[in-house]
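Working notes for the structure below.
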Protein chains: 8
Amino acid sequence: MNNNDLSGLLKGVADGTVSIDDALLKIKQAPFDDLGYAKPDHHRHARQGIAEVIYGAGKTAEQIAGIAGSLLSHGEKRILITRLDNSKADKLKETAGFNYYPTARIGLIGSMPEKRTGKIVIATGGTSDMPVAEEAAITAEALGNNVVRLYDVGVAGIHRLLAHTDDIMTANAIVAIAGMEGALASVIGGLADCPVIAVPTSVGYGASFGGIAALLSMLNSCASGVSVVNIDNGFGAAYQASMINRRTSSE
Amino acid sequence: MNNNDLSGLLKGVADGTVSIDDALLKIKQAPFDDLGYAKPDHHRHARQGIAEVIYGAGKTAEQIAGIAGSLLSHGEKRILITRLDNSKADKLKETAGFNYYPTARIGLIGSMPEKRTGKIVIATGGTSDMPVAEEAAITAEALGNNVVRLYDVGVAGIHRLLAHTDDIMTANAIVAIAGMEGALASVIGGLADCPVIAVPTSVGYGASFGGIAALLSMLNSCASGVSVVNIDNGFGAAYQASMINRRTSSE
Amino acid sequence: MNNNDLSGLLKGVADGTVSIDDALLKIKQAPFDDLGYAKPDHHRHARQGIAEVIYGAGKTAEQIAGIAGSLLSHGEKRILITRLDNSKADKLKETAGFNYYPTARIGLIGSMPEKRTGKIVIATGGTSDMPVAEEAAITAEALGNNVVRLYDVGVAGIHRLLAHTDDIMTANAIVAIAGMEGALASVIGGLADCPVIAVPTSVGYGASFGGIAALLSMLNSCASGVSVVNIDNGFGAAYQASMINRRTSSE
Amino acid sequence: MNNNDLSGLLKGVADGTVSIDDALLKIKQAPFDDLGYAKPDHHRHARQGIAEVIYGAGKTAEQIAGIAGSLLSHGEKRILITRLDNSKADKLKETAGFNYYPTARIGLIGSMPEKRTGKIVIATGGTSDMPVAEEAAITAEALGNNVVRLYDVGVAGIHRLLAHTDDIMTANAIVAIAGMEGALASVIGGLADCPVIAVPTSVGYGASFGGIAALLSMLNSCASGVSVVNIDNGFGAAYQASMINRRTSSE
Amino acid sequence: MNNNDLSGLLKGVADGTVSIDDALLKIKQAPFDDLGYAKPDHHRHARQGIAEVIYGAGKTAEQIAGIAGSLLSHGEKRILITRLDNSKADKLKETAGFNYYPTARIGLIGSMPEKRTGKIVIATGGTSDMPVAEEAAITAEALGNNVVRLYDVGVAGIHRLLAHTDDIMTANAIVAIAGMEGALASVIGGLADCPVIAVPTSVGYGASFGGIAALLSMLNSCASGVSVVNIDNGFGAAYQASMINRRTSSE
Amino acid sequence: MNNNDLSGLLKGVADGTVSIDDALLKIKQAPFDDLGYAKPDHHRHARQGIAEVIYGAGKTAEQIAGIAGSLLSHGEKRILITRLDNSKADKLKETAGFNYYPTARIGLIGSMPEKRTGKIVIATGGTSDMPVAEEAAITAEALGNNVVRLYDVGVAGIHRLLAHTDDIMTANAIVAIAGMEGALASVIGGLADCPVIAVPTSVGYGASFGGIAALLSMLNSCASGVSVVNIDNGFGAAYQASMINRRTSSE
Amino acid sequence: MNNNDLSGLLKGVADGTVSIDDALLKIKQAPFDDLGYAKPDHHRHARQGIAEVIYGAGKTAEQIAGIAGSLLSHGEKRILITRLDNSKADKLKETAGFNYYPTARIGLIGSMPEKRTGKIVIATGGTSDMPVAEEAAITAEALGNNVVRLYDVGVAGIHRLLAHTDDIMTANAIVAIAGMEGALASVIGGLADCPVIAVPTSVGYGASFGGIAALLSMLNSCASGVSVVNIDNGFGAAYQASMINRRTSSE
Amino acid sequence: MNNNDLSGLLKGVADGTVSIDDALLKIKQAPFDDLGYAKPDHHRHARQGIAEVIYGAGKTAEQIAGIAGSLLSHGEKRILITRLDNSKADKLKETAGFNYYPTARIGLIGSMPEKRTGKIVIATGGTSDMPVAEEAAITAEALGNNVVRLYDVGVAGIHRLLAHTDDIMTANAIVAIAGMEGALASVIGGLADCPVIAVPTSVGYGASFGGIAALLSMLNSCASGVSVVNIDNGFGAAYQASMINRRTSSE
């Protein structure tokens, strides 16, 4: 709870418009709903400017629907559901305004928003990184961003990346997605003058150890200005990229 | 074998009421049954005040039934079977007094006991942690405890947790269950004045490494008074919480 | 901050004895001091019943003295400083009421308290585990507990442990400390009917990996009622054991 | 190739009974067959006193049959096939003299041998360790050993193990099999005066990491006289135990 | 090399003002110096808007001086040298305009720049994280940012952090620095509406594994909008935070 | 892009045969195709003397066909598709000139080339390593090499390897493939006078950790002249062996 | 405590020669001494046929002297002190009958015993493994064994090992010691017909990870009959080898 | 021992010029010297065309001198001693023909050889990689190769590497040395048409884990034709590069 809220509440108590018990109740109950299995956070939009996102893995379709219903009833217009597999998506397809993006494994309730002017580049090392890249791309678009997709520009054929220097030099934020050795993040980090958010993917085999090789590679990037999110976390990278782009762009 | 037993046995030998060979035999055979595949420990109730618990994973339904039968024939009134999957539970459903808790994957032979006065709080970071939380909750209830469930109070929306400060401040023991980064244990540990037993869960993906991230996080908690059990070990945490609550509460 | 504090503050605002700005200021500043390099938490004693403990590693002697001074000036009578090496202890020895326990690497400002009746057993696998055991023992004593030391009762000579069954059966909490394979925790866990808090130590070489072998062993204990703290964390185990003993014992 | 063979061959060359080219050919071709996909080692029986054992995992039933045929045609009377799953065993069941032990996942071509006098104890921590234990037991029996099975004598109920002190004190070699924290090996190692070969099993969950916890525990055993084989390697432990027993026992 | 450079060069060739060999030479040699042991990149300022930063570890004072000299001779006005220990700093102290920040282990050649309006918050979990925090703070200031230091606001006393909600809500970027369990990043991430760049530190012992526990914790943050840099990499986090702040602030 | 290309292009601009915009376009677009999901690199044959190889895992059959079509349309005569499973191979079987090698999981479009004179030895520790070995063998043959297969020559029966000293002493490059302890690479490395490229395989169980044991073993080989590729990477080893053989042999 | 002891004690109670309290006291106190910091086990010689061995690391010279004094006063004639560094050895050199072996870091109180007939081979991969090998050799000799040292017979020059086939074929037990890739154990395991106890050493660098590479290699040995002890544990390997040799040899 | 030797020996036996006992003795003793602590391999030059190299770490200066003396007395003209620290080098400086290269930590007895025509490129990511690079460079030169050093061409400033495309395109073998994220190997691997041998270095901090990050990155290189040696193993990479260059170049 930020200070303004608290200050306002205290003012209400002081001038008699709010009783002490009501104030205490409000502080404790206002910002979330209690569904037993979940406590949707209705305060997040105010606090962070972006609605609650539902992480679909490990929740039943019924639980997802319940949380979405709670959020919608509190006025949310757009709800993003990540890590939503096909079978759960099927059960949600009757929900009003629901759309499913299968490669990205994302469900969206509500329409895509207008796009702000600045752009986010989403680049991948290879074709196999596409599910993670699409999770990032759909997330970024659902958050109102203009997205440029540069897929399969891995460093084994460096000229494919260099050919897109224009896009890299003019982005507000870049999401660099790669499995195997994850070198893409460092090379882009050396070329770009905007923040690069690196996403290691679990693409690879053997000593890629499900993305650890790429993760370590990206954490040790010799290029400055590169930060990293969890393996396969396209959503998280796009979310932060959107935070950056929102501050930079005109809406 | 505790000293009283041994002392009593020696007394019997000294006063002629127990023969040497009988004494030796008793020491060796008394406290357990030998089923070949298992040796149920009938002495544990006396030694630890809590009946034998059957760990269901890696045992066949027949073996579980055999062990339960051996325990029942030695006077046990309540037997807890953990990590019991649906198909084994199905085979045991004819057993007298058998109940199955599917989310918790627990089978219980015998009825739930009376509850002692003190309470155990079981808190989770998210909805996906519920199977582990229910394993803890059912275990705690089967051991005679009053349980308060606080689910989905993870630190990303800290106000949801702060709203339950009352429960946290009045518990005798708290089981803090979280996957991903496991920060819940530290935040609760900083608020509570009773022991906090942290349970890392395998919820998450990528660099959560099946619960290692949460496990390490909890082991390194900057809050004092936090100890940790194995990943997904809701049973173990509840068992220790019950030991603490039993000593503190009036029965 | 607990609800009573907040409620009281709101009451003050409502009845005009506290101004809004003062209330806001109080909420934000009251419970800690800001030394720049540290923010000693003067609220912890009220919240958790135990004073702030200063973790000495990574702080200079000057910083430690500064934090201690802040706590003393807020009325603390006893301050525990852990992980305090010899050279820093030397610099603090002029502080009034300061005592240093070199094996435990603990400094204590103020005298040892009265002991409550219940006892805590502190057991070690070997002689080399003594520094960790003494950290636990001095901590437990500084928190008002009666401590029984059982050192060098490792499982390679199981009769040494069995000979102390009396102590184990009558403790309110047991701290089981062992390096190498850490089997002590499981064997004690199988004998005791009180909570066992296991402390893996970094004693060993090769595949003990600085305590990882003992840590994993303890996390996987086949005995119920065993929880674990960080490697070499004698303080943390004693702190939780004290929380348990305090609730169980008459003071 | 041992020196006697080489010496004999050179003698043959020197006295004209063996031509140089024949000698060279014999050195290169004699001791194994070349089936393309495998090179069965017909020399091992002479070299190590025990026939070739076929590791069934990763080989097709056809390859196994081919290797067995090659060995039989060179005079082997008994062939052990380990890690043989049900479906491959089915395909081999027509082979003359073939028997399948499903819990042990072992196939045996030929009859069980006479048993030598000394005994090997095979102990497990729990019921779930039985597949590994049976792999060890059948292997030991197929190599001519007298086996005593002590199953489910884990350290959480130490009296179950102490009750079998007789068996432990009179064995020529002990195979100690345990998952989870693997403490069984240390406790037995402290009681026995014969070599203890420890087998960590993959039984457990969470921080057992598929047997790593038990493996590390056993490698760090505080008891002298304990050595370790690979996780779940019942065969390897029994093989070495048999080597020890063979040297000690009268056949 | 960006397209404009290449395009301009090609124009020069086409209109005869640049010879082919000169063009080829320019493409190959222009953007860096070759000192044998190093190839300072004079093109970076143009490419990324920030001068080359010298990573001081693993270089001799002589090599550092050589690289700095090369950069200065190409017109750089401000050079940052990170991971510069005391003894190397001593050897460089005669360099014109050189200043050394010992806690941050940073050397700066040239004066601190004007500060842009937006602010970067740098928060730490504890006092021991200060060296990493100061590396971040000095870096951020050297890159022209307004820095707010919030040190020792770890989650074990959550009210210390909540008291600074104002700073957190009004920052353009936050650098969250913590060792041990690293929970600070998640809690801040749940409160803030700007990007949070998390820095795990090697502060801690035992199962903190030199910062791995905090690293994994931060990578698995349940809060959206958190990205991570390498353990102890205060520089890298500040560099990216500066990139974000520069785009958002008026200079 | 190599210098000759660039130089030629600049010459064209200088003598007026190439316009500036055309030159810039050519530099950016020439060497690859953009299929959206992939950017086939048509320049690789010129750059590396070997055509693009398609890594089949993580691509759909349609994507593979699309990439192959793009390569064929640019004049490639032979395309290797690795990690191609049965079901994808089925979908590609109508492609002109397509052949599938199931053990090797390789698809080849076009015929096998003539073989150069020098030979590559491919040796395995056991029968279970055959899939990796065949991936290496078919790759090497598709790249024009003469291959000698030495399968099942593991060090447990060292005479099987010593019998093939001739092959080892006369190879131009050796690919040593082994799982479990991976000792084969060191023993061959000690015998051979040509480069040995070691391939750890995921064959094994327990502490082989999916090939990590063999990988570490090979990286630490006490024999000089041994380098290592990723676990199960038969293709990569054969590719490098072919590079070596090509330089040494007459074509 | 073995059954005979217990049986005898009970007999004494039954026939009146031992009082109950004395019996209980004897059971509890007899087999060890309690020095506070240590509990020397005087029962081990009877139980295991070998005296207590003092692990010198982590004990002060004073503690070692105290434990040795306790053992000597209970009739021990020979005491082995392992991991004894130079400075502690210096402090013990006045002890009657004390000898120090610096390469082995072993102190021995009492003279070397007679040697039994059978022999133990101790082989190393390289010269750098000598400290571990000498720990094994001196231990084996102190336990009454005939030792053959084969140092620097690593697999990179396999003929050096093959030249000693005689020794390998006639040993009762072999201790195979190697760092780096640890292949020595497998090659010896393939040649020998007696148990091979492998000791990984911390010799190496980089990806040897302080002996992990050798440890994993040895655990995965493709040769049957190989077991493993902890990294650098020359003592443990020799202890088990002696157990085997003692049973096999005439004394 | 190769077949020709054995064949010749057998011929000698057959025609009576060699006695059986002499032959046996020769096979066993010929190819190495036995110094007790080491067994220098005088056969290696014949077998591998390159003299024995002494690994200096873990050997005393006296042992090194002894091994060198043995090799010199068997006719070696040039002996390379790697991992030779300053203090041991000092003790060897009186040896005839001894030279020490301090950055490379290499001692060389005898003069540098003539250089063959083909060249080996040795490239590093940064200045801090120089000790490993010089170990590679001096080794390569001592083995008769022409070396081109490209230091500090890391991917964060990719134009520095592209500027040396000529050297990369014309090498016979490339040694790519990098710490941190190790991306250099992939980028070079994508440009070169000769084998690239990658050397991860321990340069870096935090999640570089002493070179593991670079090691994994290089093992997972998306470029074909890249193999890897141990962390910091400049010698091993140069040794294999020399094997390749020797076969390709005219001497």
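Residue numbers begin at 1 in each chain, while the letters A, B, ... track the order of the sequences. Both backbone and side-chain heavy atoms feed into the values below; hydrogens, waters and symmetry mates do not.
- Shown here are the side-chain hydrogen bond (donor to acceptor under 3.5 Å, both in side chains) partners of H/T124, two or more places apart in sequence or in another chain: there are none.
- A salt bridge is absent between H/R105 and H/E134: the closest approach of a Lys/Arg side-chain nitrogen to an acidic carboxylate oxygen does not fall below 4.0 angstrom.
- Remark: H/R78 CZ to H/I109 CD1 distance equals 12.0 Å, nearest 0.5 Å.
- Donor-acceptor pairing under 3.5 Å is recorded for the side chains of H/R116 and H/N145.
- Taking CG of H/N172 as the reference point, atom SG of H/C194 lies at 7.0 Å (rounded to 0.5 Å).
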>> For a side-chain contact (heavy atoms from CB on, under 4.5 Å) check, start with the C-alpha distance between H/T82 and H/L84, then their side-chain angles and the critical distance, and finish with the verdict.
In response: CA-CA 5 Å; H/T82 63; H/L84 186 70; over 6 Å; no

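- Contacts between residues 212-220 of chain F and chain H, counted as heavy-atom pairs separated by less than 4.5 Å, involve F/L215, F/L219, F/N220.
- Within the 4.5 angstrom heavy-atom criterion, no atom of H/Y55 approaches chain F.
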